[in-house]
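Everything numeric in this text was worked out from a predicted model, so none of it was measured.
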Amino acid sequence: MDYFNEKVLKHYWEMLMSEELWINITKASMRITVILFASWLAVRLGKKFIKKVFLMRMSSPLNHSERRQKTISRLLQSVISYAVYFSAIMAILPILHIQIAGLLAGAGILGLAIGFGAQSLVKDVITGFFIIFEDQFGVGDYIKINAAEGTVVEIGLRTTKINGSTGEQFIIPNGSIGDVVNYSVNNSKIYIDLQMTTDADFERAESIIKKYLNSLPEIHKELVAVPVFLGVQNVKGTEVTIRIAAETLPQQQHGVARTIRRDVTKLFEENNIPMAHPKMMFYGVNGNEEGRNE
């Protein structure tokens, strides 16, 4: 028994120390290194080429869908990575003396066994394809999906990534995407309400506001048209609510609304037009009311 064990150990030791083995290992290592380097280089150059091509398309005056170009560019970069690295693995396996034919046959049987459990993955991929094909939303769009709201940073065949307004990132499987609200497709509209007192000169206030609104499109290029003064919307006690409507490019309405509120308030102060302020009532011991503006 000891003689047999000694003979086996000697055999393996001779095989381990044989020159032919190390030559084969060196050759295999070099071939694997070349394949991995070539794959890395191909992915890098492929991504750069795709990025450059789509940048040229987006800068073209004939391009009308920059968001779609960005989406397809990101998707193609992902696809080229998967394709190249999968090909590299297929090339490395024969070097390691792993038979691809037997592996594929086993994979076919295994795939059949787990196929019923991969329905969600198939659903994700199919849904992702139709999202891109139908251009439902694209990279850079501000959208809302279920509880997730923010800017789309990546659309893949399996998942969609959204960056929220406070820095969080939502990763949503495409198959779970239901109703989508896209805020970046159409122009945005905003209604700006301001409060005045009932004793204010409305005709003078209207004239000042309209003159100011007519000057805005030259200053703010995000405005689609001249904002409209809609007039009185509500009267409550000594308060009168006036409304201004504006239409802007997608997702530009909030900044415009803040600017209009600030400028109209300043114009009212300069022209001595009283604006309504919250009033707090105090009741004395004798029941008399005293009002104080807050």
Side-chain angles (χ1 to χ4, degrees), residues 15-16 18-60 63 65-115 117-133 135 137-140 151-163 169-175 177:
M15 186 175 63
L16 183 63
S18 67
E19 183 179 353
E20 183 181 357
L21 174 65
W22 289 104
I23 291 174
N24 292 334
I25 290 175
T26 303
K27 288 182 178 179
S29 300
M30 291 178 63
R31 291 175 63 186
I32 291 173
T33 302
V34 170
I35 291 172
L36 291 176
F37 177 76
S39 301
W40 173 82
L41 187 63
V43 170
R44 189 176 179 86
L45 293 177
K47 286 184 175 181
K48 280 190 174 182
F49 176 75
I50 292 171
K51 191 174 181 179
K52 188 173 182 179
V53 168
F54 278 91
L55 281 175
M56 292 174 60
R57 288 175 61 88
M58 286 187 284
S59 62
S60 171
N63 176 55
S65 183
E66 182 177 341
R67 51 189 287 280
R68 184 173 176 84
Q69 303 293 342
K70 287 182 179 179
T71 302
I72 297 175
S73 173
R74 292 281 184 87
L75 179 63
L76 287 178
Q77 289 180 43
S78 297
V79 169
I80 198 171
S81 297
Y82 295 142
V84 170
Y85 286 127
F86 179 78
S87 301
I89 292 172
M90 292 295 102
I92 290 172
L93 289 177
I95 297 175
L96 300 175
H97 300 288
I98 298 175
Q99 298 298 324
I100 298 178
L103 192 65
L104 292 177
I109 297 172
L110 182 62
L112 183 63
I114 67 173
Q119 293 181 14
S120 60
L121 176 62
V122 174
K123 183 180 178 182
D124 291 341
V125 172
I126 293 175
T127 305
F129 171 79
F130 279 106
I131 287 173
I132 297 169
F133 179 76
D135 196 19
F137 53 84
V139 173
T151 304
V152 179
V153 293
E154 184 179 333
I155 302 176
L157 286 177
R158 197 179 69 82
T159 61
T160 294
K161 296 180 180 179
I162 300 174
N163 280 350
Q169 185 174 87
F170 302 94
I171 302 176
I172 307 170
N174 292 332
I177 294 176

*Step-by-step side-chain hydrogen bond (donor to acceptor under 3.5 Å, both in side chains) determination, Thr160 to Asn174*: CA-CA 6 Å; Thr160 294; Asn174 292 332; 2.7 Å; yes
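Atom CD1 of Ile155 sits about 7.0 Å away from atom CD1 of Ile131, to the nearest 0.5 Å. Between Ile92 atom CD1 and Ser39 atom OG the span is 6.5 Å, to the nearest 0.5 Å. Distance check, rounded to the nearest 0.5 Å: NZ of Lys123 to CD1 of Ile177 gives 10.5 Å. The distance from atom CD1 of Ile80 to atom CG of Leu45, rounded to the nearest 0.5 Å, is 9.0 Å. For the atom pair CD1 of Ile171 and NZ of Lys161, the computed distance is 5.0 Å after rounding to the nearest 0.5 Å. Distance check: Phe170 CZ to Asn163 CG gives 9.5 Å after rounding to the nearest 0.5 Å.
The two residues Thr127 and Gly175 have their closest heavy-atom pair at OG1-CA, 3.9 Å. Closest approach of Tyr85 and Trp40 over heavy atoms only: OH-CA, 3.9 Å. Nearest heavy-atom pair, Val152 versus Gly138, reported as atom, atom and distance to 0.1 Å: CB-O, 3.4 Å.
Within the 4.5 Å cutoff, the side chain of Thr159 has no heavy atoms near those of the Ile172 side chain. Considering only heavy atoms from C-beta on, Ile32 comes within 4.5 Å of Ile95 through its side chain.
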